[in-house]
> 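Dropping the structure in here first, questions after.
Throughout, a chain's letter reflects where its sequence line sits, starting with A, and its residues are numbered from 1. What you see below is based on every heavy atom in this structure, not just the backbone, and it leaves out hydrogens, waters and symmetry mates.
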There are 2 protein chains.
Amino acid sequence: MVDVAALAGVSVKTVSRVVNNAPYVQPEVAQRVLAAVAELGFRRNHLASSLRSGQATATIGLLIEEIANPFYATIAGAVAEVASEHDTMLLIASSEENPAREQQLLRDLCARQVDGLLVVPAGDDHAFLCSEVERGTPAVFLDRPAGGLPADTVLLDNRGGANAGVRQLVELGHRRVGILLDSTAIYTMRERLAGARDALTAAGLADDRLIRYGIRDPETAARVVGELLDEPEPPSAFFALNNRISLGAVEELHRRGSDAALLGFDDFDLSRLLPYPFTVVAYDTRTLARTAAELLFRRIQGDRSAPRDLLIPTELVDRGLPRR
Amino acid sequence: MVDVAALAGVSVKTVSRVVNNAPYVQPEVAQRVLAAVAELGFRRNHLASSLRSGQATATIGLLIEEIANPFYATIAGAVAEVASEHDTMLLIASSEENPAREQQLLRDLCARQVDGLLVVPAGDDHAFLCSEVERGTPAVFLDRPAGGLPADTVLLDNRGGANAGVRQLVELGHRRVGILLDSTAIYTMRERLAGARDALTAAGLADDRLIRYGIRDPETAARVVGELLDEPEPPSAFFALNNRISLGAVEELHRRGSDAALLGFDDFDLSRLLPYPFTVVAYDTRTLARTAAELLFRRIQGDRSAPRDLLIPTELVDRGLPRR
DNA sequence: TCCCAGGCTGACAACGTTGTCAGATCCTCG
DNA sequence: CGAGGATCTGACAACGTTGTCAGCCTGGGA
């Protein structure tokens with residue numbers, strides 16, 4: 001900038017004014033400066049700029065579990081879109097479901113003076129963010145609630161969606177519903193399970209022996225479905241609590257030519273091409289992410305109202321559920 | 001930092017030494033400083049730090065077309081992994097296939113003093129990056145070549161993969177191969193088409209009337225496949241140049257109960273569940289991205305050797321190709 | 001005894017930018 | 001013709017940190 005100023009025969013302050021197109025610069029002086037900028041290939045140092053002028057790095061931090069996962073990729077895409085509408089860049093970090101790493105990364109993002117944080121939490125204690133938030137770095141949590149920190153939260157209606165889906169199974173006459181899930185250590189699994197249980201309990205059909213935990217991949221899901229079907233009193237319907245599990249269930253049911261009803265949580269792209277009909281509790285991931293991002297930008301722009309908890313609705317997409 | 005220094009009764013420089021755990025600080029002084037840091041909730045300002053100490057923002061920029069697209073999400077994931085191994089954060093921007101936006105975003109990333117750039121180019125002229133590169137911000141291009149800029153490039157073996165796949169079709173006795181692609185404005189499409197044509201020409205089977213352009217979505221692909229099959233002399237095999245096109249082709253061939261051979265470029269997750277057998281020219285997106293990222297970090301660490309062009313091999317994954 | 005090396009500390013300037021303020025010029029209006 | 005505002009410009013300090021350097025102390029060897 002000093003060089004540009006020298007070449008244009010003005011002060012650095014005037015160069016600053018020109019590159020920020022501030023008012024009160026004579027057009028011909030501005031021309032000279034711009035010529036010098038072009039000649040020297042000058043580019044303003046954004047770091048120095050935001051260091052001097054207080055905050056506003058025009059950057060937000062997004063913390064997710066893993067970028068390559070389509071769910072998080074969709075979130076990242078929607079957030080990037082909203083960020084771009086606000087001329088803001090996106091710093092992305094992956095916690096890999098590791099709370100210690102999450103904490104480390106969030107601290108690092110704050111150290112980089114991001115204007116705000118969007119977090120899909122991995123750990124369950126975020127008290128360490130309190131001081132940052134108080135100091136003016138707003139944080140919005142999505143998909144899972146924050147722990148130990150009053151902050152905005154945007155969640156899916158996991159419980160309501162699961163409840164509606166299972167109620168539908170019950171209405172179709174199913175009396176034994178196999179429930180397949182990963183770990184109850186995961187917030188979304190707990191909520192979906194609770195919703196399903198509520199529906200079954202209301203119908204007097206709750207039976208914990210039909211709940212299978214710890215299913216992490218399609219292969220395990222397929223095996224567990226097989227085991228349940230081989231029991232003396234097999235379920236006539238299955239509820240898969242996420243889409244990896246749904247996938248395995250589809251494979252096994254198809255392989256056996258079963259006529260069991262299959263309900264899944266989470267839609268996925270190719271579901272209409274799959275060889276077994278199944279109905280899903282669907283939701284719009286982009287809406288989840290956009291809602292959270294828009295809330296964050298309202299905070300960044302100075303909204304200091306009380307933390308909000310928003311719920312994104314789910315929808316039952318019926319692609320065929322056999323009656324019992 | 002001034003406050004921490006005051007509270008600990010030392011100079012700011014000593015605080016700086018402690019937070020950077022530099023040598024030559026008495027353990028008990030360091031203790032006092034750390035206590036003050038904890039009490040005040042001090043966090044080092046990474047902006048100021050990298051402004052003062054020259055470069056090394058420990059941040060790289062990744063420019064892709066669209067984060068939500070699984071191909072780019074996989075790239076982003078692999079890049080994030082390599083970045084994390086180098087204690088570096090990732091600034092992600094989406095060009096949305098718009099060259100003007102690409103240029104704007106790349107400039108912005110440079111202004112943010114990233115240590116390096118990873119670019120999946122949208123435009124075909126990147127001469128404007130020359131000055132940045134000369135000034136020491138290395139750039140590595142992946143999936144598509146850079147234009148007007150000598151820079152490292154990591155590409156897929158599009159031509160070789162397409163060639164091998166089509167040669168296989170020819171060996172199985174197919175004489176009429178329908179080729180389905182998006183626009184030849186896209187580098188990868190041009191290369192794949194060239195590879196396919198080479199194989200057909202070598203066998204004396206080239207027939208441009210069987211090439212269909214401008215296919216952007218599965219629906220169009222399905223329609224075009226139908227049209228080709230309805231011709232008096234229909235193809236006995238199809239080559240779909242990307243996976244959106246493959247998907248439409250699968251649907252239509254399945255719907256008609258056709259026995260045509262289907263070859264696709266790009267594998268995808270659920271392909272083994274699809275209702276029609278098809279063989280793909282597959283590649284490892286993660287390898288593509290990791291290779292590029294690792295090359296970038298070598299550059300960042302000071303490797304000044306001549307720009308390299310790397311080719312990531314493809315593999316023919318046979319899931320069934322009917323003979324003619 | 002002195003000297004010097006090594007450990008430890010702080011004052012100061014600087015990174016590249018912009019906010020503040022004061023000064024200079026020009027125009028307009030009373 | 002003068003006052004006062006609008007327009008334009010630059011000197012200077014400051015943002016939060018770290019590199020440089022000088023200085024202090026302690027201990028050990030000559």
> What's the closest nucleotide to the B:Met1 side chain, out of D:dT17, D:dG16, D:dA11?
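Within the option list, the nearest is D:dT17.
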> Go through C:dA11, C:dT18, D:dT17 for me and flag the one nearest to the B:Asn45 side chain.
D:dT17
> Within the structure shown, what part of the strands sits under 4.0 Å from A:Val2 by heavy-atom distance: base, sugar-phosphate, or nothing?
nothing
> Among C:dG16, C:dA11, C:dC8, which nucleotide has an atom closest to any side-chain atom of B:Gln26?
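Given the options C:dG16, C:dA11, C:dC8, the side chain of B:Gln26 is closest to C:dC8.
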> Nearest to the side chain of B:Arg52, which nucleotide is it out of D:dC8, C:dT18, C:dC15?
C:dC15
> Output the single nucleotide from D:dC8, C:dT18, C:dA11 whose closest atom is nearest the side chain of B:Ser11.
C:dA11
> Which part of the nucleic acid, if any, lies within contact of A:Val10, taking any heavy atom under 4.0 Å across all strands shown: a base, the sugar-phosphate backbone alone, or nothing?
sugar-phosphate
> Can you tell me how far the CD atom of B:Glu102 sits from the CD1 atom of B:Ile64, to the nearest 0.5 Å?
12.0 Å
> Just call it for B:Ser49: base, sugar-phosphate, or nothing, with non-hydrogen atoms closer than 4.0 Å on any strand.
sugar-phosphate
> Quick one: sort the B:His86 and B:Phe297 rings into parallel, tilted or perpendicular, breaks at 30° and 60°.
parallel
> Any donor-acceptor pair under 3.5 Å joining the side chain of A:Arg17 to the base of D:dG10?
yes
> Pick the nucleotide of DNA chain C nearest each of B:Ser53 and B:Gly9; which residue has the one closer to the 5' end?
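With B:Ser53 and B:Gly9 compared, the 5'-side residue is B:Gly9.
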> Quick one: do A:Asp152 and A:Arg298 make a salt bridge, cutoff under 4.0 Å?
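No salt bridge links A:Asp152 with A:Arg298.
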